[in-house]
Amino acid sequence: MWLDLGLIVGKIAVVFIGIIAGAFVLTWAERKQSALMSDRIGANRAAILGIKLMGIVNSVADALKMIFKEDFLPPKGLRFLHAAAPVFAMFPVFMTFAVLPFGPTITVGGKVIPLQILQLDVGMLYLLAFGSIAVYGVLLAGWASNNKYTLIGGMRATAQMISYELILGLSLIGPILVYGSLDPGVMATAQNGYLWGWIPKWGIIVQPIAFLLFLPAAMAETKRCPFDLPEGESEIIGFATEYSGMRWGMFFLGEFAEIVVLAAVLATVFLGSYQVPFLFDAGEKLGMAGFHFPWGAYLPIAEWAVVALRILSFGVKVLILMWLQMQIRWTYPRFRYDQLMRVSWREMMPIALANIAVTALIVMLVA
Amino acid sequence: MELLRHIIFWLFAVLTVGSAVVVVFHPRVIYSAFALLFTFFGVAGLYVFLSADFLAAAQILIYVGGILTLIIFGVFLTAKITTLDIPHQTHQRYVALVPIVMIAAGLFTVVKNTVWPTAPLPHHPTTQVIGELLLTKYLVPFELASILLLAALIGAMRLARYYRKRED
């Protein structure tokens, strides 16, 4: 029992540190990437004993600044809700990762360990449910600040998040129908199947429309890129105007963590999770671990190397998707609010519904 | 392990009842709405203890993610809600006694006559079973509920559009 408990705590620690590290790298990458794309140098001043590490030290300086900055509570603001809002923006994001597998099931000394914190039959629902709690951070921040503009900003952000949450949920139904399970772990295993023996059954191949709907919806959920109206710090008064110091930092840590988590969801559902094409472990190919290519070639690889390759492949996919989100963010101009709403309800929603109907029909005909 | 189960169960039970008390008695409606979040969350936790995993996730997804957000939106958009005095005194105590006694008696009978399975159930995934039942045995109620929701949707749209036209 203590071993099990220790394993769970260990897995939680790995995931938690992974997300925090991802968010930390993002704060740096965001500044450097935006500088690169607008032909600037970007953060390069902060240094510890002359070591700058291409500006990574700036992220440390940013964090220190936020911790020591005055924590301002607006007069007549609601003290309790004002303090609770950033927590609500941050903690559900970390919890959503629990159902995502970050590697295959491994066997150590006869003990089977799935590299997934929670193996839930309703995994995808859990993910969406906890994702929806993040709305409360924005909503309460808007109200507790006792500022009319902030309240409007909070409601604007909430309306955006709810609208796109719907698209997130609807676009996930297609892959769920194809893989026949709500458990991301099962989805991951299913993606090592092959169409006609040689095309990997990844979500992006069997459900391309769902992928194209999910990616922008995910970016709207993180309030990133063309969808950053809730913040637009320098132009619009948003929900976080009355926040400073570490509380403001928590909103943005939550947001960066959300980028990492949604990149992981995208990788899990659409990019084959931890699978590497044509790589099988010993259990899947009668004791012959390694690459089994469709033209019959076989490249044997040690069992531990298969596991390592798979964990590595998941990490690389998440990093690529994070980079992709950042690239889009600095490429496209911001939507106007009515455009934002129209895209969600009038354009993406009918496509998402049609995708579900067509997918259901095909799944029924094939089965 | 059994002790841990009990501790977690009581945590959820206290969370549910405690936040429900706040919902009823807090004088500021925004705090009531906020406390309702914890009530829904606690109830979802209790569903998990009943091995109803699908129900628990759906509870959070629909009630916390959807309905409560709309309630809070309603609070935000109500004019002068901060100065609104929500009465907490009691009126007509003796008349109220009649429904209270009736409801209490009804609940007591139900509690008394139901056979409560006390042994912890082994955890079974329920999603597939629920899905199959909804599309076979309970198809008609399921479709009726859908029609009801559709009617409400169209009705809400009609009302909103009606007033917009009159303002022009």
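Sequence lines set the chain letters: A, B, ... in the order given, protein chains first and strands last, and positions in each chain run from 1.
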Query raised in the report: Going by residue number, which parts of residues 148-164 of chain A are within reach of chain B, meaning a heavy-atom gap below 4.5 Å?
Result: A:Leu151, A:Met155, A:Thr158, A:Ala159, A:Ile162
Requested in this report: Go through the atoms of A:Leu140 and report whether side chain, backbone, both or neither lie under 4.5 Å from a heavy atom of chain B.
Outcome: side chain
Report task. Please indicate whether A:Tyr337 has more than 12 foreign heavy atoms, meaning atoms of other residues, nucleotides or ligands, lying under 6.0 Å from its OH. Result -> yes
Query raised in the report: In terms of heavy-atom proximity below 4.5 Å to chain A, should B:Ile62 be classed as side chain, backbone, both, or neither?
Result: neither
Report summary line: Heavy-atom nearest pair, A:Leu125 first then B:Phe54, reads CD1-CE1, 3.3 Å
Query - Heavy atoms from other residues, nucleotides or ligands near OH of B:Tyr63 exceed 12 (cutoff 6.0 Å) - result: no
Query raised in the report: Which bit of A:Ala144 is near chain B, if near means a heavy-atom gap under 4.5 Å: side chain, backbone, both or neither?
Result: neither
Report summary line: Interatomic distance, CG@B:Leu61 vs CG@A:Leu128, rounded to 0.5 Å, equals 6.0 Å
Query - Heavy-atom side-chain proximity of A:Leu139 to B:Phe73 below 4.5 angstrom - result: yes
Report task. Work out which heavy atom in A:Ser132 is nearest to a heavy atom in B:Gly65; give both atom names and the distance. Result -> OG-CA, 3.4 Å
Query raised in the report: Among A:Asp183, A:Leu78, A:Leu166, A:Leu182, which residue forms the greatest number of heavy-atom pairs with chain B at distances under 4.5 Å?
Result: A:Leu78
Report summary line: In short, side chain to side chain donor-acceptor pair (under 3.5 Å) pairs touching residues 16-25 of chain B with sequence neighbours left out are B:Ser19-B:Thr39
Query raised in the report: Do A:Tyr126 and B:Asp53 have side chains that get closer than 4.5 Å, going by heavy atoms?
Result: no
Query - B:Gln128, CD: over 12 other non-hydrogen atoms inside 6.0 angstrom - result: no
**Report entry** Aromatic ring pairing A:Trp143/B:Phe76, orientation class (parallel under 30°, perpendicular over 60°, tilted between)
**Finding:** parallel
Requested in this report: Please report the shortest heavy-atom distance between B:Ala57 and A:Ala129, naming the atom on each side.
Outcome: O-CB, 3.8 Å
